[in-house]
Amino acid sequence: MAGSPTRAPNPTPSVDVEADTPGRPISAGVRALFPALAESDKVYLDSAATTQKPLLVIDTIRDYHASRTANTARGTYPWATVLTERIAAIRTRAAGFIGAEHPDEVVFTGGATAALNAVALSWGLAELRDGDQILYSPRDHAANIYPWYQLRDILARFGCRIGLVPYRVTDLGEADIADIADKLGPRTRLVTVSHLHHVFGGLTTLEELRDSLPPDVLVCFDCSQSGGHLPVNVTALGADFAVFAAHKMFGAPGTGILYCHRRVHGRLRPFLPGGNSAVRPTGTGLEAGAMPGLMEGGTPNIPGILALGSALEVLESFDMRAVEAHNRELTLRSVAGLREIPGVELLPGPGHTPCATGYGIVSFTLEGISAADLGFVLGEHGFLVRSGAHCIPGGGPDPESVRVSTQVYNTRDEIDRFTECVRTIAEEVM
């Protein structure tokens, strides 16, 4: 992987995230890197919604606006050319981080939602024919549902009818592989899945199915929750498309990554064509050029991309395997503590797995109090969690719940205090 010129004058120190032991709390090394946490006594347990930002990321954004602000891939003066080189280096770094084989497989977008819409509009509009089908989960995040509904609506207006075929989710919070296999048909063109489910915390790789998928069936992974929380290798996953949200991996909101395997490049049409797009006007429309410029029209979110480069630097300093191990330990600790509380019901996910696993997400309900009220009371006690339907359209078949999600800046002690707080609330409402 090529080195990145985004490194700040004071490099991020390498921190042992497995040092969360009595007498040597992880917060002593990690929490100080995140100003919002260092200055607060709150326990932040909502990293599945957005992660806290390390100082290196904050400084990167401030420095861009305060010094040598310019546009990228346009001017020939030093401020602009250096910035263009930095963006290119971050693309290379991002490719290495997600396991892409080539930098031109990485497209910078306005976020994971924008990336999924880009797949629907740049691939779906051009490739799908009447009778084709997309397999999806109605219990996924709305960002991995609504774009396919919109695609179906747009195509229908031109007389092209495509089918959206729902598949089930198991009690483990994973996509039901057997159900997907049963619903694959001769007109299936795409299977879209959450790599790590945003409510259940179940991991889906499609490993059992991958070798038997017909060559004309593409696979799209929503890696919004897995990116920055565990090692992700899109090549090993066999992904044709994969999306990432920078703000869930220490970066800034409004920035994302769309991975497009080279094998699908020739099947894509321009997305958001405009200034600096890799397209050429013809007598009948636009002739598509090379990736990733084909998908990156207009002025990009430059400070967001620079911040993503710094966020990747911080994540790499931890070692993603250690981040995964840390989140697994805190997940298991959360499940163990919540399971002992009368009235707590764990949603599908790590609380129902036959083995010790978990990726930083646990969702639950408590008898006698709504999820919204429970979230409010927990917040009053200093525990910041997410409550509600968690962006599942219509709420799905599951009740509104409280979601606990961790990252490297959380500790065993925080989890223990959280579960004890839930126990106290349970005793008051039962």
Side-chain angles (χ1 to χ4, degrees), residues 48-50 94 98 100 105-128 132-155 162-167 169 175 180 188-199 204-206 217-228 232 234 237-249 251 253-261 264-265 267-273 291-292 294-297 300-301 304 308 390-394 396:
T50 196
I98 67 174
E105 295 175 321
V106 170
V107 177
F108 293 127
T109 69
T113 299
L116 286 162
N117 276 276
V119 175
L121 299 178
S122 65
W123 168 78
L125 282 181
E127 289 287 308
L128 294 183
D132 286 346
Q133 296 178 335
I134 293 174
L135 270 59
Y136 79 106
S137 169
R139 297 169 83 181
D140 273 357
H141 194 284
N144 199 21
I145 298 176
Y146 288 158
W148 317 117
Y149 274 75
Q150 175 171 277
L151 174 62
R152 182 178 65 178
D153 178 69
I154 293 173
L155 288 171
I162 67 169
L164 300 182
V165 181
Y167 60 79
V169 173
I180 292 177
T188 303
R189 294 294 174 261
L190 179 74
V191 178
T192 183
V193 297
S194 288
H195 187 215
L196 180 61
H197 197 276
H198 70 294
V199 180
T204 298
T205 64
L206 297 182
V217 176
L218 303 185
V219 178
C220 178
F221 282 93
D222 180 359
C223 299
S224 299
Q225 299 299 343
S226 54
V232 178
V234 293
L237 283 173
D240 295 286
F241 304 106
V243 307
F244 299 80
H247 73 101
K248 297 180 191 247
M249 44 200 294
T255 310
I257 295 172
L258 167 59
Y259 165 77
C260 300
H261 193 286
V264 301
H265 285 189
R267 303 168 66 178
L268 302 175
R269 298 299 302 161
F271 178 65
L272 295 177
M291 288 283 282
L294 175 65
M295 305 284 282
E296 293 183 349
N301 181 354
L308 172 62
H390 310 294
C391 295
I392 296 179

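Nothing here was measured: the structure is a model prediction, and the numbers come from that model.
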A.B. asks: Does the side chain of Leu190 come within less than 4.5 Å of Trp148's, by heavy atoms?
C.D. replies: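 Result yes, sub-4.5 Å side-chain heavy-atom pair found.
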
A.B. asks: Closer than 3.5 angstrom, by distance alone: can the side chain of His198 be matched with the main-chain N or O of Ala48 as a donor-acceptor pair?
C.D. replies: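 No, His198 side chain to Ala48 backbone: no donor-acceptor pair under 3.5 Å.
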
A.B. asks: Output yes when a side-chain donor or acceptor of Asp132 lies under 3.5 Å from a complementary backbone atom of Arg189, and no otherwise.
C.D. replies: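 No: the side chain of Asp132 does not pair with the backbone of Arg189.
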
A.B. asks: Would you please name every residue forming a salt bridge (Lys or Arg N to Asp or Glu O under 4.0 Å) with Arg152, sequence neighbours left out?
C.D. replies: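 So Arg152 forms no salt bridge (Lys or Arg N to Asp or Glu O under 4.0 Å) with any residue.
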
A.B. asks: Would you indicate whether the side-chain heavy atoms of Gln225 and His197 approach each other to under 4.5 Å?
C.D. replies: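 Not in contact.
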
A.B. asks: Quick check: does any side chain N or O of Glu296 sit under 3.5 Å from a backbone N or O of Phe108, one acting as donor and the other as acceptor?
C.D. replies: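 Present.
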
A.B. asks: Report yes if some heavy atom in the side chain of Leu121 is under 4.5 Å from a heavy atom in the side chain of Ile154; otherwise report no.
C.D. replies: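 The answer is yes; the side chains approach within 4.5 Å.
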
A.B. asks: Does the side chain of Ile180 come within less than 4.5 Å of Leu135's, by heavy atoms?
C.D. replies: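 Heavy-atom side-chain distance check passes, below 4.5 Å.
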
A.B. asks: Output yes when a side-chain donor or acceptor of Lys248 lies under 3.5 Å from a complementary backbone atom of Thr50, and no otherwise.
C.D. replies: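 Not at all, since once roles are kept as given, no pair shorter than 3.5 Å links the two residues.
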
A.B. asks: Suppose we screen for side-chain hydrogen bond (donor to acceptor under 3.5 Å, both in side chains). Which residues come up paired with Ser194, at least two apart in sequence or across chains?
C.D. replies: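 side-chain hydrogen bond (donor to acceptor under 3.5 Å, both in side chains) list for Ser194, sorted by chain: Asp140.
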
A.B. asks: Just how far is it from atom OH of Tyr149 to atom OH of Tyr136, taken to the nearest 0.5 Å?
C.D. replies: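 Tyr149 atom OH to Tyr136 atom OH measures 3.0 Å (nearest 0.5 Å).
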
A.B. asks: Report the residue from Leu116, Val107, Asn144 that forms a side chain to side chain contact (heavy atoms under 4.5 Å, CB included) with Val243.
C.D. replies: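 For Val243, the side chain to side chain contact (heavy atoms under 4.5 Å, CB included) check succeeds only for Leu116.
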
A.B. asks: Without swapping roles, check the side chain of His195 against the backbone of Gly227 for a donor-acceptor pair under 3.5 Å.
C.D. replies: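 Here the side-chain-to-backbone pair does not exist.
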
A.B. asks: Less than 4.5 Å apart, any side-chain heavy atom of Leu206 and any of Leu237?
C.D. replies: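 With C-beta onward as the side chain, the pair stays apart.
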
A.B. asks: Are any side-chain N or O atoms of His265 and backbone N or O atoms of Cys260, one a donor and one an acceptor, separated by less than 3.5 Å?
C.D. replies: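 Between the backbone of Cys260 and the side chain of His265 there is a qualifying donor-acceptor contact (under 3.5 Å).
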
A.B. asks: Is there side-chain contact between Leu218 and Thr192, with heavy atoms separated by less than 4.5 Å?
C.D. replies: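 The answer is no; the side chains never approach within 4.5 Å.
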
A.B. asks: Could you check if a side-chain atom of Leu151 sits within less than 4.5 angstrom of a side-chain atom of Leu128, using non-hydrogen atoms only?
C.D. replies: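 In short, these two side chains touch, coming nearer than 4.5 Å.
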
